[in-house]
A.B. asks: 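One structure, as structure tokens, below. Some questions next.
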Amino acid sequence: MGLYLNPNADALKQSLRNEIYVDKSLILAELNKIAETDHDFVCMSRPRRFGKSMAGNMISAYYSKGCDTREIFAKMKIGQIADYDKNLNKFNVIKLDLNGWYQNAIQRKDVNALISNIHSAVKREFIEQYPNCSFEEDRTIDDCILNVYAQTGEKFVIIIDEYDVLVREQVPDPLFQNYLSFLNGLFKNTTLRPAIALAYITGIIPIVRDKIQSKLNEFWEYTMLTPRQFAGHIGFTEEEVKELCDKYGVDYAECLRWYDGYKMNDTVSICNPLSIVQAVMYNEFDSHWSATGSFEALRDYILMDFEGIRQDVVKMIAGESVEVEVGSFRNTMDSFESKDDVFTYLIHLGYLCYNQKDKTCHIPNEEVRQEWIKSVRLSPNYKQLMTIVNASKKLLDATVNGDDAAVAKALDAAHTEVTSPLTYNDEHCFQSAICLAYFYANTRYTLVKELPTGKGYADLVLIPYLPNIPALVIELKHNKSAESALQQIKAKNYCQALTQYKGDVLFVGINYDEKTKEHTCKIEKVD
């Protein structure tokens with residue numbers, strides 16, 4: 001038993017002592033299916049604080065010969081599977097936290113010796129645990145593995161947490177070349193390949209295409225874009241969140257509004273575990289995840305001078321989705337060539353969510369939306385946007401108070417901000433302008449666009465989740481009149497969708513005139 005070779009289960013046991021622990025052990029069932037096959041090299045990329053390290057600790061505790069965890073896993077979900085123990089404590093495990101190594105090297109001011117220090121530390125443990133095997137002084141980890149395998153036939157599981165930290169930190173080339181040699185020795189050595197029963201590496205970004213792909217091309221990637229069978233195994237699923245909300249008496253719908261939105265496939269949507277744990281423990285809905293990072297990184301990327309990026313940022317802050325081509329991004333920090341590359345990177349960071357069906361991205365939830373607002377607030381390029389966002393509360397108050405003129409004036413400003421001169425008269429951009437203008441409503445309402453109701457679809461319905469405020473049914477017209485919009489709400493019985501709602505309803509008719517480029521508004525209260 002060592003720190004890096006055949007570690008114990010202390011990290012898992014510590015997690016199990018947490019007040020809140022969500023059992024994610026079924027990931028082991030998926031890994032057991034592919035262990036000792038041609039598909040047993042796994043690269044799992046997820047945003048920070050999504051539970052990658054906790055999963056790695058659990059995987060280590062399951063496979064490691066350095067501990068006996070039968071009693072632990074027998075009580076977990078994996079223990080309900082008939083052959084759950086077929087690989088239990090069966091393999092030699094090498095577990096490395098590359099970010100931890102890197103941060104320690106920075107403190108010791110010997111970053112250039114990072115890789116050689118890793119080799120030395122792990123080799124010392126090989127010597128301690130295998131006294132009957134000879135290890136020459138200049139041997140590397142891959143040499144040690146091959147030596148043990150050749151003499152004993154024992155296989156290895158290699159776990160590297162945050163394998164991409166040196167890529168993200170853009171370390172000097174000599175260190176990076178040493179890292180490439182390290183990866184090459186472990187994962188490109190055909191002689192060593194039979195000795196590895198499973199390789200499991202994690203990172204924030206997928207494998208870098210133009211720097212280390214050749215060293216890791218045997219890995220099967222599971223990302224925010226293509227999670228496949230691991231979709232629900234990293235992060236908390238909606239079902240797991242509901243169980244926690246029921247246990248702690250927390251508003252489940254509000255919890256999803258704040259922290260949900262990462263749609264991994266047609267059936268699985270996940271939330272950030274850190275945010276959920278803090279929200280349910282303290283019954284506080286706030287930006288817990290974003291508080292662990294810096295918004296400057298997000299701001300730097302959305303300020304890049306690519307055509308259309310500013311307009312799309314405005315749309316997404318207003319609640320819209322925008323098209324994105326995710327195939328061109330090379331997963332590096334220095335190869336951004338378009339806004340698609342920027343948005344794809346932000347998907348991997350967790351600042352955006354990807355919809356695979358329609359190839360679009362959007363801001364996933366209220367927590368992340370607030371991070372976007374913070375990131376653009378101090379930017380001169382987005383000053384006008386923030387003026388509109390800050391004015392949005394006044395707009396909502398004006399709507400509730402029936403101030404038609406104030407509403408129309410605010411919509412004039414929003415329409416100008418969200419659209420370019422070429423698309424100003426586009427009806428879809430008109431709707432985006434309305435959503436942006438009512439941005440502040442997200443703090444009080446659930447906004448539903450194109451809601452089926454009565455004899456048609458209401459353009460925008462605002463359903464309150466706070467007490468003592470009216471619901472809003474908004475109908476938009478183009479080159480007609482605000483009065484005709486009101487008449488359509490009544491004629492097609494759009495309020496039918498609110499039959500379960502007990503409270504006042506406001507009908508809001510809005511018209512945009514292309515010739516004058518002005519908006520008009522009529523508001524009518526319905527008990």
Side-chain angles (χ1 to χ4, degrees), residues 1 6-18 20-44 46 50-95 149 152-159 161 193-202 218-222 226-244 246-247 264-270 273:
M1 181 181 69
N6 293 326
N8 59 32
D10 285 356
L12 173 62
K13 292 176 181 177
Q14 179 174 317
S15 296
L16 290 170
R17 288 193 289 269
N18 293 341
I20 294 178
Y21 180 82
V22 174
D23 184 348
K24 308 295 292 187
S25 62
L26 290 180
I27 190 176
L28 296 166
E30 298 296 339
L31 293 175
N32 280 338
K33 292 176 185 177
I34 60 178
E36 299 187 276
T37 72
D38 290 338
H39 304 159
D40 57 6
F41 278 26
V42 173
C43 178
M44 190 75 66
R46 292 292 188 277
F50 261 62
K52 301 186 298 296
S53 297
M54 290 186 68
N57 292 336
M58 179 178 62
I59 293 167
S60 173
Y62 176 83
Y63 288 110
S64 176
K65 295 176 64 176
C67 52
D68 181 359
T69 50
R70 178 174 296 275
E71 184 177 351
I72 292 175
F73 286 106
K75 298 176 182 178
M76 299 177 75
K77 290 180 180 179
I78 183 69
Q80 307 308 308
I81 297 176
D83 61 345
Y84 84 94
D85 58 350
K86 70 176 184 178
N87 290 321
L88 182 65
N89 307 134
K90 177 180 177 181
F91 298 110
N92 292 302
V93 168
I94 296 175
K95 185 175 183 296
Y149 178 65
T152 68
E154 296 178 8
K155 293 189 175 185
F156 287 76
V157 170
I158 299 176
I159 303 170
D161 195 17
R193 185 66 173 84
I196 301 177
L198 178 70
Y200 182 89
I201 66 175
T202 75
E218 288 197 37
F219 277 80
W220 291 66
E221 293 195 72
Y222 304 92
T226 55
R228 301 186 178 95
Q229 71 267 34
F230 294 101
H233 294 302
I234 305 291
F236 289 176
T237 65
E238 291 180 348
E239 293 77 12
E240 290 165 341
V241 172
K242 188 173 191 312
E243 289 181 9
L244 290 174
D246 290 345
K247 178 179 178 180
M264 308 302 280
N265 57 35
D266 288 341
T267 59
V268 177
S269 185
I270 63 172

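These numbers were taken from a predicted model, which means no experiment stands behind them.
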A.B. asks: Kindly indicate whether the side chain of Ile158, heavy atoms from C-beta on, has any atom under 4.5 Å from the side chain of Ile196.
C.D. replies: yes
A.B. asks: Please indicate whether Lys77 has more than 12 foreign heavy atoms, meaning atoms of other residues, nucleotides or ligands, lying under 6.0 Å from its NZ.
C.D. replies: yes
A.B. asks: Is a side-chain donor or acceptor of Ser25 paired with a backbone partner of Ile78 at a separation under 3.5 angstrom?
C.D. replies: yes
A.B. asks: Taking CD in Gln14 as the centre, count heavy atoms belonging to other residues, nucleotides or ligands within less than 6.0 Å. Is the count above 12?
C.D. replies: no
A.B. asks: Which pair of non-hydrogen atoms, one from Phe219 and one from Cys43, has the smallest distance, and what is that distance?
C.D. replies: CD2-N, 3.8 Å
A.B. asks: Are side-chain heavy atoms of Phe73 and Leu28 found at a separation under 4.5 Å?
C.D. replies: yes
A.B. asks: Give a yes or no on whether a salt bridge exists between Lys247 and Glu243, defined as a side-chain N under 4.0 angstrom from a carboxylate O.
C.D. replies: no
A.B. asks: Could you check whether any side-chain N or O of Lys24 sits under 3.5 Å from a backbone N or O of Ala55, counting only pairs where one atom can act as donor and the other as acceptor?
C.D. replies: no
A.B. asks: Between Tyr21 and Met54, is there a side-chain heavy-atom distance shorter than 4.5 Å?
C.D. replies: yes
A.B. asks: I'd like to know whether CG of Asp38 has more than 12 heavy-atom contacts from other residues, nucleotides or ligands below 6.0 angstrom.
C.D. replies: no
A.B. asks: Please answer whether the main-chain N or O of Thr69 pairs with a side-chain N or O of Asn89 as donor and acceptor at a distance below 3.5 Å.
C.D. replies: yes
A.B. asks: Please step through side-chain contact (heavy atoms from CB on, under 4.5 Å) for the pair Val268 and Phe230, ending with a clear verdict.
C.D. replies: CA-CA 10 Å; Val268 177; Phe230 294 101; over 6 Å; no
A.B. asks: Could you tell me the separation between the CD1 atom of Ile234 and the OG1 atom of Thr202, rounded to the nearest 0.5 Å?
C.D. replies: 8.5 Å
A.B. asks: A side-chain contact here means heavy atoms from C-beta on lying under 4.5 Å apart; do Tyr63 and Asn32 qualify?
C.D. replies: yes
A.B. asks: Yes or no on salt bridge (Lys or Arg N to Asp or Glu O under 4.0 Å) for Glu238 and Lys242, after CA distance, side-chain angles and deciding distance?
C.D. replies: CA-CA 6 Å; Glu238 291 180 348; Lys242 188 173 191 312; over 6 Å; no
A.B. asks: Assess the pair Phe156 and Tyr149: is the distance between their ring centroids shorter than 6.0 Å?
C.D. replies: no
A.B. asks: Roughly how far, to the nearest 0.5 Å, is the OH atom of Tyr200 from the CG atom of Asp40?
C.D. replies: 14.0 Å
A.B. asks: Nearest 0.5 Å please: distance from the OG atom of Ser60 over to the CG atom of Asp10.
C.D. replies: 10.5 Å
A.B. asks: Taking side chain as C-beta onward, heavy atoms only, is Leu244 less than 4.5 Å from Val22?
C.D. replies: yes
A.B. asks: State, with a plain yes or no, whether a side-chain heavy atom of Asp23 is found less than 4.5 Å away from one of Glu240.
C.D. replies: no
A.B. asks: What closest approach, in Å, do Arg228 and Asn265 show between heavy atoms, and which atom pair accounts for it?
C.D. replies: O-ND2, 4.4 Å
A.B. asks: With Tyr62 as reference, evaluate Val157, Ile27, Ile72, Leu88 under the side chain to side chain contact (heavy atoms under 4.5 Å, CB included) test and give the passing residue.
C.D. replies: Leu88
A.B. asks: Identify, with sequence neighbours excluded, every residue that meets salt bridge (Lys or Arg N to Asp or Glu O under 4.0 Å) alongside Glu218.
C.D. replies: Arg193
